[in-house]
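All values below come from the heavy atoms of this structure, side chains included, with hydrogens, waters and symmetry mates left out. Residue numbers start at 1 and run along the sequence shown.
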Amino acid sequence: MDHSCLETGLGNQAVGHTVYTYRRCRSTMDVVHSLAWTHPGGTLVFAEVQTEGRGRHQRRWMDVGGCSIAVSILLRDRLWDGVGDGIPLLAGLAVLEAIEETHPGLADLALDWPNDVVHVPANSHPRKVAGVLLEAGRDPQGSPYAVLGIGINVNHTPDQLPPTPESRVPPTSLRMVAGCKVSRRHLAVSLCRRLSIRLHKEQAAGVQERIWEQRLRTLGRQVSARMPSTSDDALVGMAEGTGQDGSLLVRDAGGCLHRLLAGEVTLSAT
């Protein structure tokens, strides 16, 4: 994909005014971390192939050249306040909106807490289309910043998707869902525009209104949650809502409300 058109098409958008493209790199996240002390917020790094792309809990994100959108964005200034309230969910919402903007007939997309976009057709199991990763850091001057990584399965065929353990939502691609090839260029431009709206601190009202909740299929469902790096029994309860920080609010059978900031959450089949 030719990313050179992005800067021209996006102009002074908060996200996408500066774009770097790699045919191959270790990780777009790592590249953006290396740019953090010299570049403004909204700088993008795309890669056709990542040799060590990563997702949540250090899981590997598998790339197939020419099929994915693998991009990382530097967040600071207008796009980052050192806290990161709701950013993964706002970014996931931007991904979902960009997909629907470029393919208006594509339905049944939803958010999975805390950071996935899934396709959930009626009477069928969900399949993951995209994932979001957020990493915080400080530049050499001590100023806070964050790197937002987004991976979207765009034009994969079934044999190009990686196997997934039964405990996790299996992947799909937009090509498989839409029944035709998808323009990665058009999707990338739309994604930058939606991110510019959703993440801009002065313009976006999404955090206070928790605007992601209208597309979050986790809510109103019985869930089982396990915290990372613990051997504690799973928390089972009803997902009642979210906080402005993107936390998930789960009420257990005893009526106690728990606030989850991280973890593996699965939905009850009922």
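Thr218 contributes a side-chain N or O that, together with a main-chain N or O of Trp113, makes up a donor-acceptor pair within less than 3.5 Å.
The stretch residues 34-45 participates, sequence neighbours left out, in these side chain to side chain donor-acceptor pair (under 3.5 Å) pairs: Tyr20-His39. Here salt bridge (Lys or Arg N to Asp or Glu O under 4.0 Å) pairs that include residues 136-147, with residues two or more places apart or in two chains, are Arg76-Asp139. Applying the ring-ring contact (aromatic ring centres under 6.0 Å, His included) test to pairs two or more places apart or on separate chains, none has a residue in residues 85-104.
Contact check on Arg194 versus Glu100 returns no salt bridge, with no Lys/Arg side-chain nitrogen under 4.0 Å from an Asp/Glu carboxylate oxygen. With salt bridges taken as basic N to acidic carboxylate O contacts below 4.0 Å, one links Arg198 and Glu97.
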side-chain contact (heavy atoms from CB on, under 4.5 Å) between Leu74 and Thr18, worked out: CA-CA 10 Å; Leu74 177 61; Thr18 304; over 6 Å; no

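Between Val132 and Asp116 there is no side-chain heavy-atom pair separated by less than 4.5 Å. No side-chain heavy atom of Asn153 sits less than 4.5 Å from a side-chain heavy atom of Thr172. Put simply, the side chain of His156 does not reach to within 4.5 Å of the side chain of Pro171, judged on heavy atoms. You'll find the side chain of Ile69 stays beyond 4.5 Å of the side chain of Ile150, heavy atoms only.
Leu248 and Met238 are not part of a single hydrophobic cluster, where members link through side-chain heavy atoms under 4.5 Å apart.
Under the salt bridge (charged side-chain N to carboxylate O under 4.0 Å, His left out) criterion, Glu240 pairs with Arg251, not counting sequence neighbours. Applying the side-chain contact (heavy atoms from CB on, under 4.5 Å) test to Ala234 and every residue at least two apart in sequence or in another chain returns Ser224, Arg226. Shown here are the salt bridge (charged side-chain N to carboxylate O under 4.0 Å, His left out) partners of Arg127, two or more places apart in sequence or in another chain: there are none. Here Arg217 pairs with Asp112 under the salt bridge (charged side-chain N to carboxylate O under 4.0 Å, His left out) rule; sequence neighbours left out. Partners of Thr28 according to the side chain to side chain donor-acceptor pair (under 3.5 Å) rule, which considers only residues two or more places apart in sequence or in another chain, are Gln50, Ser72. Gln214 is linked by a side chain to side chain donor-acceptor pair (under 3.5 Å) to nothing, counting only residues two or more places apart in sequence or in another chain. Here Ala14 pairs with Arg78, Leu79, Ser196, His200 under the side-chain contact (heavy atoms from CB on, under 4.5 Å) rule; sequence neighbours left out.
Think of Met176 as one node in a network of Ile, Leu, Val, Met, Phe, Trp and Tyr side chains linked at under 4.5 Å; its network also takes in Leu161. Hydrophobic cluster of Leu257: the remaining members, joined at side-chain heavy-atom separations below 4.5 Å, are Leu249, listed by chain and number.
Only one option out of Leu191, Val182, Val177, Leu109 pairs with Ile99 in a side-chain contact (heavy atoms from CB on, under 4.5 Å); it is Leu109.
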